[in-house]
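To find a chain, count down the sequence lines: A is the first, B the second, and so on, and within it residues start at 1.
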Number of protein chains: 2
Amino acid sequence: MSHDKITYDEFKEVLQKNSQRITLPRLEVLRILKSNHNPLTMSEIHDKVNLLHPKKKVDLATIYRTVNLFVDLKIVSEVNFRDEFKRYELVFDRHHHHHIVCKKCKKVENVELCLMNEIEKMLVKKGYKDISHSLEFFGVCKECSKN
Amino acid sequence: MSHDKITYDEFKEVLQKNSQRITLPRLEVLRILKSNHNPLTMSEIHDKVNLLHPKKKVDLATIYRTVNLFVDLKIVSEVNFRDEFKRYELVFDRHHHHHIVCKKCKKVENVELCLMNEIEKMLVKKGYKDISHSLEFFGVCKECSKN
DNA sequence: GATTAATATGAAAATAATCTGGATTAACGG
DNA sequence: CCGTTAATCCAGATTATTTTCATATTAATC
């Protein structure tokens, strides 16, 4: 299951191209996102960063600034779960994928297929019940493209 | 484009079955949701309810409680747009549908088709650019089904 | 390695959506 | 119409997120 996440060198290159400094908090956030396979909330990223770095705590505000910067730079993508906080994960090079969230325990698993019927069949095989989904499209409309 | 939204009689029946009282604020919220074809935010519902009812204002807290009750009763469904507030719309009987949100002006249109390639082609024809989408699944996992 | 200019960070306060508790009012069965 | 109970209003509490500003850090230059 090779996901081809961004490397540290690619990361540094992206930051430098955009005149952004390579700082310790930014490297820490990248490290956490690289070592986790599920999308994380701001608060989870904050906890994990500080868990292994007790000498100098990174502030939650810095986590917010850092993750939002990564989203702007397209290093990270934002995932919205219904009734849940926003979550963030590294952009994968290879494939577009989705998620299945347990309505009770909130566990998140990745879904690798991309056709809805196929996906729901597969989720049933995995033992999921009461399956529903949310699909939203985003784009720039005709009127806004003119400006 | 008949959407077969819930009728007032069906609405009353659902409330009564669930031992909920039929109150003026609840009827007002239903009226607003019935007369709007796009999902609305709590604050938009609040404004619209009070626009035509200047004698007695309905409090925003009541809008929150009412809409959340409707969601619990499956009269209303919650729609999450990325970078946006939660929005709410009446559950339609006939068809499952999705939305297209303009990234600039935040305008929301309904999308009636349900195959992703078809949908994106259709959106391109409508003049949308820079299209992306978010798809999430929800369900109860094997472990949680046991309890 | 030291100097410096500019940016990033930490800490705390501001903001904004949403929720809650208590007193008041309205719904509805009798 | 009355009494019981639930719903509403009002105000204030929460919580996620953003902003402000003084201080610390980065990275370019010497």
Here the distance between atom P of D/dA16 and atom CE of A/Met42, to the nearest Å, is 12 Å
Separation of C/dA8 P from A/Leu69 CG (nearest whole Å) = 8 Å
Rounded distance in Å - NE2 (B/His46) to P (C/dA17) | 13 Å
Considering only heavy side-chain atoms of B/Asn68, the closest of D/dA7, C/dC19, D/dA16 is C/dC19
Which residues pass the side-chain contact (heavy atoms from CB on, under 4.5 Å) test with A/Asp72, sequence neighbours left out?
-> none
Please state how far atom OH in B/Tyr88 lies from atom C1' in C/dT18, giving the value in whole angstrom units.
-> 9 Å
Spacing of A/Asp59 atom CG relative to C/dA12 atom C1', expressed in whole Å = 9 Å
Tell me, please, which residues at least two apart from A/Lys17 pass salt bridge (charged side-chain N to carboxylate O under 4.0 Å, His left out).
-> A/Glu13
Please report how far the helix from C/dG1-D/dC30 to C/dG30-D/dC1 bends, comparing the axis fitted to its first five pairs with the axis fitted to its last five, to the nearest 10 degrees.
-> 40°
Donor-acceptor pair, B/Asn18 side chain versus B/Leu73 backbone, under 3.5 Å?
-> no
Protein-nucleotide distance (B/Leu60, atom CG; C/dT20, atom P), rounded to Å | 14 Å
Among all residues two or more places apart in sequence or in another chain, which pass the side-chain contact (heavy atoms from CB on, under 4.5 Å) test with A/Asp47?
-> A/Ser43
Contact string for nucleotides 22-30 of chain C, one letter per nucleotide 5' to 3', B = base within protein heavy-atom range under 4.0 Å, S = sugar-phosphate only, - = neither, reads ----BBS--
Rounded distance (Å) that lies between atom P of C/dA17 and atom CD1 of B/Ile45 | 14 Å
Counting just side-chain N and O atoms, does B/Tyr64 come under 4.0 Å of either OP1 or OP2 of C/dT18?
-> yes
Taking side chain as C-beta onward, heavy atoms only, is B/Ile75 less than 4.5 Å from B/Val91?
-> no
For residues 60-67 of chain A, which side-chain N or O atoms pair as donor and acceptor with protein atoms under 3.5 Å away, sequence neighbours left out?
residue, atom, partner, partner atom, Å
A/Thr66, OG1, A/Thr62, O, 2.7

Residue list, salt bridge (charged side-chain N to carboxylate O under 4.0 Å, His left out) with B/Lys126, at least two apart or on another chain | B/Glu109
Would you mind reading off the distance between A/Glu28 atom CD and D/dT25 atom P, rounded to a whole angstrom?
-> 15 Å
Results of ring pair (Phe, Tyr, Trp, His ring centres under 6.0 Å) for A/Phe70 - residues two or more places apart only = A/Phe11
Quick one: list whatever passes salt bridge (charged side-chain N to carboxylate O under 4.0 Å, His left out) with A/Glu44, sequence neighbours left out.
-> A/Arg87
Can you tell which of D/dT17, C/dA8, C/dT18 lies closest to the side chain of A/Lys86?
-> D/dT17
